[in-house]
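This report refers to the structure that appears directly beneath it.
Being a predicted model, the structure only gives us computed values, none of them experimental.
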Amino acid sequence: MDWNKFKCRASAISKIMSNSRENAPLTEIQTKRMKELSEKAIRTTGQDVELTELTLKKQKSDNVILSDTCISYLVEAYAWETEKMCSITKEMDVEYFTRGRMTEPESINLLSFVDAYPYEKNSDRMENDFLSGIMDVYKGEAPAAVKSITDIKSCKDYPTFLYKIHKGLDPGNREQLQGYGGIVDCGDLGVAFTLPTMPEPIRNDYKRRLFYKGEYVTEESPDFLQAWEELERSMIFDHIPTERRVYKVKIDPFTKAEQQAVYERVSHCSQWVFIFAEQFKQRNQPQTRVLHVE
């Protein structure tokens, strides 16, 4: 792996952009305040002190210190690129990944109906010099003529879906779509929360878990049948109109400044992993052992 050519996955942009507590950047309000104070012809003593503090904070933040969240992602990337090994904890959320894989076709059909466009699942990874990613679905021809990009998030139940309407995007969703847009130069971006019916194999698994959780004699016991009827009814959504099973959130693309900041951070990450890889090799050289026989 040539770490000088390291590319961040779009899904991890929010991780690498998380700031270390040691050098947090100025907030937008602080930046405006610093500009306002610096343009004043006459300042009070208190304003001079405030401007000095803001200037020092700005200078300190220019010295990039990668956060623990960022470094955690970088060592995961290093482990995968060098040994094809991943984080066991993250990959063992079996139900989450199984449900996502099994409900994806229905989620795509739901979105296709709402948008009146025949979406197809994309499995091709696309990249530029700094980022890479696999978009869920898009309109147009990739990679040169993508007209819109949508990332699909399947919800497991109706309350979760309704809460998304209130809450909106999850952490990292925005940056991920902006990253996709930057890769293929597309500005029409969005996330679609969908409500697909829980697949029967997963429903059956919930049925078994419900039975063993309670003190039922058999699966034909009236109290078990009632409990299961209530639970299974909350996993099937075919009776709800399709339009009410898709909630879309539009996302603005990166501004030039935001995109530049991401690409600069990727370069810093590349340097960090390069140095880490060199130090790791030097500290962990296989030892040649000679067996002495008397």
I'd like a table of donor-acceptor pairs (distance under 3.5 Å, sequence neighbours excluded) in which one partner is a side-chain atom from residues 141-154, with atom names and distances.
| unit_1 | atom_1 | unit_2 | atom_2 | d |
| --- | --- | --- | --- | --- |
| Asp151 | OD2 | Lys153 | NZ | 2.8 |
| Ser154 | OG | Ser107 | OG | 2.7 |

Please report, to 0.1 Å, the donor-acceptor pairs under 3.5 Å made by any side chain of residues 224-232, with sequence neighbours excluded.
| unit_1 | atom_1 | unit_2 | atom_2 | d |
| --- | --- | --- | --- | --- |
| Trp228 | NE1 | Glu232 | OE1 | 3.4 |
| Glu229 | OE1 | Arg233 | NH1 | 2.6 |
| Glu229 | OE2 | Arg233 | NH1 | 2.7 |
| Glu232 | OE2 | Arg203 | NE | 3.3 |

Show me the donor-acceptor pairs within less than 3.5 Å that the side chains of residues 119-127 make with the rest of the protein, sequence neighbours left out.
| unit_1 | atom_1 | unit_2 | atom_2 | d |
| --- | --- | --- | --- | --- |
| Tyr119 | OH | Asp115 | OD2 | 2.8 |
| Lys121 | NZ | Glu104 | OE2 | 3.0 |
| Lys121 | NZ | Asp136 | OD1 | 3.4 |
| Asn122 | OD1 | Asp124 | N | 3.1 |
| Asn122 | ND2 | Asp124 | O | 3.2 |
| Asn122 | ND2 | Met135 | O | 2.8 |
| Arg125 | NH1 | Ser132 | OG | 3.2 |
| Glu127 | OE2 | Lys7 | NZ | 3.0 |

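In this structure, the side chains of Leu51 and Thr55 come closer than 4.5 Å at one or more pairs of heavy atoms. The shortest side-chain heavy-atom distance between Phe193 and Asn173 falls under the 4.5 Å cut-off. Within the 4.5 Å cutoff, side-chain heavy atoms of Glu106 are placed close to those of Thr197. Using a 4.5 Å cut-off on side-chain heavy atoms (C-beta onward), Arg245 and Asp238 make contact. Proximity of Met17 to Glu175: side-chain heavy atoms (C-beta onward) are nowhere separated by under 4.5 Å. Contact annotation: the side chain of Cys269 approaches that of Cys70 to within less than 4.5 Å [non-hydrogen atoms, C-beta and beyond]. In this structure, the side chains of Phe113 and Glu243 come closer than 4.5 Å at one or more pairs of heavy atoms. For the pair Val262 and Leu131, the minimum side-chain heavy-atom distance is below 4.5 Å.
Listed by first then second residue, pairs satisfying salt bridge (charged side-chain N to carboxylate O under 4.0 Å, His left out) with a partner in residues 159-169 read Lys164-Asp170, Lys167-Asp170, not counting sequence neighbours. Judged as a salt bridge (charged side-chain N to carboxylate O under 4.0 Å, His left out), the pairs with a partner in residues 260-279 (not counting sequence neighbours) are, in order, Glu278-Lys281. Among residue pairs with one or both ends in residues 32-57, none qualify as ring-ring contact (aromatic ring centres under 6.0 Å, His included); sequence neighbours excluded.
Looking at Glu258, its side chain does come within 3.5 Å of a backbone N or O of Thr255 through a donor-acceptor pair. Judged purely by atom type and a 3.5 angstrom limit, Ser38 uses its side chain to pair as donor or acceptor with the backbone of Met34. In terms of modelled atom types and a separation under 3.5 Å, the side chain of Tyr180 and the main chain of Ile134 share a donor-acceptor contact. The backbone N or O of Gln176 lies less than 3.5 Å from no partner atom in the side chain of Ser11, so there is not a single donor-acceptor pair. With Thr194 contributing its side chain and Pro196 its backbone, the two residues share no donor-acceptor pair below 3.5 Å.
Residues Tyr206 and Met198 share a closest heavy-atom pair of CE1-CE, 4.3 Å. Of all heavy-atom pairs between Lys156 and Phe237, the closest is O-CZ, 4.2 Å. Here the shortest heavy-atom pairing between Trp80 and Cys86 reads CE3-N, 4.2 Å. Considering every non-hydrogen atom in both Cys155 and Thr160, the closest pair reads CB-CG2, 4.3 Å. Closest approach of Asn128 and Gly182 over heavy atoms only: ND2-O, 3.7 Å. Taking all atoms of both residues into account, the shortest heavy-atom contact from Met102 to Pro201 is CE-CG, 3.6 Å.
Asp68 and Tyr73 form no side-chain donor-acceptor contact under 3.5 Å, judged by distance and modelled atom types alone. Side-chain contact, Ser112 with Asn109: no donor N or O sits under 3.5 Å from an acceptor N or O.
With sequence neighbours excluded, the residues that form a side chain to side chain contact (heavy atoms under 4.5 Å, CB included) with Ser267 are Phe130. Qualifying side-chain hydrogen bond (donor to acceptor under 3.5 Å, both in side chains) partners for Gln178, counting only residues two or more places apart in sequence or in other chains: none. Under the side-chain hydrogen bond (donor to acceptor under 3.5 Å, both in side chains) criterion, Thr82 pairs with no residue, sequence neighbours left out. The ring pair (Phe, Tyr, Trp, His ring centres under 6.0 Å) check on Tyr163 picks up His166, with sequence neighbours excluded. In this structure, the side-chain hydrogen bond (donor to acceptor under 3.5 Å, both in side chains) partners of Asp188, at least two apart in sequence or on a different chain, are Lys250. In this structure Asp252 satisfies the side-chain hydrogen bond (donor to acceptor under 3.5 Å, both in side chains) test with no other residue, sequence neighbours excluded.
Hydrophobic clustering (ILVMFWY, side-chain heavy atoms < 4.5 Å, transitive): Trp272 and Phe280 are in one cluster.
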Given Val273 and Val75, is the side chain to side chain contact (heavy atoms under 4.5 Å, CB included) satisfied, shown in steps?
CA-CA 8 Å; Val273 182; Val75 295; over 6 Å; no
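For Glu36 and Arg43, the salt-bridge test fails: no basic side-chain N is under 4.0 Å from an acidic carboxylate O. Between Glu50 and Arg33, at least one side-chain nitrogen of the basic residue sits less than 4.0 Å from a carboxylate oxygen of the acidic one, meeting the salt-bridge criterion. Here Lys35 pairs with Glu39 in a salt bridge; the nearest charged N to carboxylate O distance falls below 4.0 Å.
Between Phe276 and Tyr78, the gap from one ring centroid to the other is short of 6.0 Å.
For Asp157, the CG atom sits in a packed shell: over 12 heavy atoms of surrounding residues, nucleotides or ligands are nearer than 6.0 Å. Residue-environment remark: CD1 (Ile165) exceeds the threshold of 12 foreign heavy atoms within 6.0 Å.
Rounded to the nearest 0.5 Å, atoms CD1 (Ile16) and CD1 (Ile71) are 12.5 Å apart.
A cation-pi arrangement is absent between Arg208 and Phe211 under the rule of less than 6.0 angstrom and at most 45 degrees off the ring axis. Under a cutoff of 6.0 Å and an axis angle of 45°, Lys5 and Trp3 do not form a cation-pi pair.
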